Amino acid sequence: MKKALYPGTFDPITLGHIDIIERALHLFDEVTIAIATSEAKTPLFSLEQRIDQIETIFKGNKNVRAIGFTGLVVDLAKEEETNVLIRGLRAVSDFEYEFQLANMNRAMSPDLESVFLTPKAKFSFLSSTLVREIASMGGQLSAFVDPTVEEALKKRFKD
Ligand code: COA
């Protein structure tokens with residue numbers, strides 16, 4: 001069985017992330033979404049909330065799992081017995097950071113392969129930060145996030 005890990009902060013998961021996951025499922029039998037605590041980013045949603053949201057979105061799809069993690073992604077890949085990391089490349093501007101991340105991960109774990117997938121062009125401008133900002137100002141979210149996340153954002157900013 002070909003397994004892949006898709007790490008990220010997912011605060012919150014967007015339609016762009018979901019597009020990457022659907023593409024990864026064309027290549028791998030199982031995709032594990034690895035949600036980093038990313039405390040330095042002071043996430044809007046707790047790790048449990050982010051896991052819940054992703055589990056709700058992929059409910060019924062046995063080939064997608066969501067787990068939380070702290071620590072190095074290379075250690076998690078070993079624990080999960082996979083040597084594939086999926087990352088999304090939205091635009092050229094993502095490349096430098098992703099290249100650095102992939103090479104640092106390879107330096108620590110030479111057999112780990114980073115696989116880069118590109119989302120649909122309409123998601124190439126999307127980011128979780130912009131989604132949070134639009135939500136905080138009461139903007140329309142349905143083009144950017146799943147209804148589960150839309151509801152969670154509305155609830156979070158209702159006051
Ligand atoms: N659609 C929409 N947005 C996307 C996207 C897509 N397809 N792909 C990436 N993004 C956005 C995210 O929403 C996020 O936006 P934000 O910064 O505005 O919140 C941004 O791109 C990057 O986020 P993400 O993909 O979640 O990555 P990250 O940089 O937050 O997390 C980790 C990267 C968690 C994978 C990395 O920090 C990590 O591996 N951490 C573990 C510790 C470790 O091993 N460190 C050593 C690394 S060498």
Side-chain angles (χ1 to χ4, degrees), residues 1-133 144-146 148-149 152-153:
M1 179 156 94
K2 286 191 288 174
K3 298 201 292 183
L5 207 58
Y6 181 30
T9 305
F10 304 107
D11 183 43
I13 189 167
T14 67
L15 294 184
H17 292 122
I18 292 171
D19 186 58
I20 296 289
I21 294 160
E22 285 166 353
R23 285 168 201 286
L25 286 168
H26 296 150
L27 302 172
F28 300 96
D29 301 310
E30 186 184 273
V31 174
T32 299
I33 306 169
I35 307 155
T37 44
S38 296
E39 270 157 27
K41 282 187 154 186
T42 53
L44 178 69
F45 293 111
S46 70
L47 184 60
E48 292 67 30
Q49 287 172 318
R50 286 176 276 152
I51 293 174
D52 275 359
Q53 290 161 5
I54 293 174
E55 281 180 344
T56 305
I57 292 167
F58 289 98
K59 191 174 57 200
N61 189 336
K62 283 188 283 186
N63 304 324
V64 178
R65 294 163 61 221
I67 58 171
F69 80 104
T70 47
L72 293 174
V73 77
V74 292
D75 292 336
L76 180 71
K78 279 185 195 130
E79 267 169 46
E80 290 289 320
E81 298 179 340
T82 178
N83 68 337
V84 179
L85 286 188
I86 304 286
R87 293 288 290 166
L89 274 185
R90 289 164 298 171
V92 177
S93 51
D94 281 341
F95 180 77
E96 207 168 326
Y97 172 61
E98 292 300 334
F99 188 68
Q100 190 182 13
L101 214 59
N103 280 300
M104 285 300 281
N105 283 330
R106 180 176 282 166
M108 292 185 279
S109 183
D111 294 333
L112 192 63
E113 300 298 346
S114 296
V115 173
F116 299 99
L117 298 175
T118 56
K120 279 193 195 99
K122 66 176 178 180
F123 299 134
S124 60
F125 52 85
L126 196 50
S127 81
S128 300
T129 300
L130 291 178
V131 164
R132 292 193 303 272
E133 186 173 311
F144 311 126
V145 295
D146 180 271
T148 304
V149 170
L153 283 164

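Keep in mind that this is a model prediction, so the values were computed, not measured.
Of the charged side-chain nitrogens involved, none lies within less than 4.0 Å of a carboxylate oxygen, so that Glu30 and Lys2 do not count as a salt-bridged pair.
Thr70 places no side-chain N or O within donor-acceptor distance of the main-chain N or O of Thr37, the cut-off being under 3.5 Å. Listed for the Arg132 side chain is no donor-acceptor partner under 3.5 Å among the backbone atoms of Ser127. Proximity of a side-chain donor or acceptor of Thr32 to a complementary backbone N or O of Ala34 within less than 3.5 Å is not detected. Proximity of a side-chain donor or acceptor of Ser128 to a complementary backbone N or O of Pro12 within less than 3.5 Å is detected.
Within the structure, no pair that satisfies the salt bridge (Lys or Arg N to Asp or Glu O under 4.0 Å) test touches residues 48-59, not counting sequence neighbours.
Of all heavy-atom pairs between Ile51 and Ile67, the closest is CD1-C, 4.2 Å. For Val31 against Tyr6, the heavy-atom pair with the smallest separation is CG1-CB, 4.2 Å. In terms of heavy atoms, Ala24 sits closest to Ile86 at CB-CD1, 4.0 Å. Listed here is the closest heavy atom pair of Val84 and Thr82: N-OG1, 3.2 Å. Taking each heavy atom of Glu80 and Arg65 in turn, the nearest pair found is OE1-NH1, 2.7 Å. When all heavy atoms are compared, the tightest approach of Ile54 to Ile35 is CD1-CD1, 3.6 Å.
Residue Arg87 qualifies as enclosed at atom CZ: its count of foreign heavy atoms under 6.0 Å is above 12. No more than 12 heavy atoms of other residues, nucleotides or ligands shown are found within 6.0 angstrom of CZ on Phe99. Residue-environment remark: CE (Met108) exceeds the threshold of 12 foreign heavy atoms within 6.0 Å.
For the side-chain contact (heavy atoms from CB on, under 4.5 Å) with Leu117, the qualifying choice from Ile21, Asp19, Ile20, Leu89 is Ile20, the only one to do so.
Remark: Thr56 engages no residue in a side chain to side chain donor-acceptor pair (under 3.5 Å) (not counting sequence neighbours). Listed by chain and residue number, Asp94 satisfy the side chain to side chain donor-acceptor pair (under 3.5 Å) test with Arg90 (two or more places apart in sequence, or in another chain).
For the atom pair CD (Gln53) and CZ (Phe10), the distance works out to 12.0 Å, reported to the nearest 0.5 Å. With rounding to the nearest 0.5 angstrom, the OG atom of Ser124 is 9.0 Å from the CG atom of Leu126. Of the inter-residue distances, the one linking Asn61 atom CG with Glu22 atom CD reads 9.0 Å to the nearest 0.5 angstrom. Atom CG in Leu15 sits 8.0 Å away from atom NZ in Lys122 (nearest 0.5 Å). Interatomic distance, CG of Asn83 versus NZ of Lys3, reported as 10.5 Å (0.5 Å rounding). Rounded to the nearest 0.5 angstrom, Ser114 OG and Asn105 CG are separated by 6.0 Å.
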Original post:
Does the pair Ile13 and Thr148 meet the rule for a side-chain contact (heavy atoms from CB on, under 4.5 Å), with working shown?
Top reply: CA-CA 10 Å; Ile13 189 167; Thr148 304; over 6 Å; no

Subject >> Working for side-chain contact (heavy atoms from CB on, under 4.5 Å), residues Thr14 and Phe123 >> reply: CA-CA 9 Å; Thr14 67; Phe123 299 134; over 6 Å; no

Subject >> Derivation of the side-chain contact (heavy atoms from CB on, under 4.5 Å) call for Ile33 and Phe58 >> reply: CA-CA 11 Å; Ile33 306 169; Phe58 289 98; 4.0 Å; yes

**OP:** I would like to know whether Phe45 and Leu153 meet side-chain contact (heavy atoms from CB on, under 4.5 Å); could you show each step before the answer?
**Re:** CA-CA 9 Å; Phe45 293 111; Leu153 283 164; 3.7 Å; yes

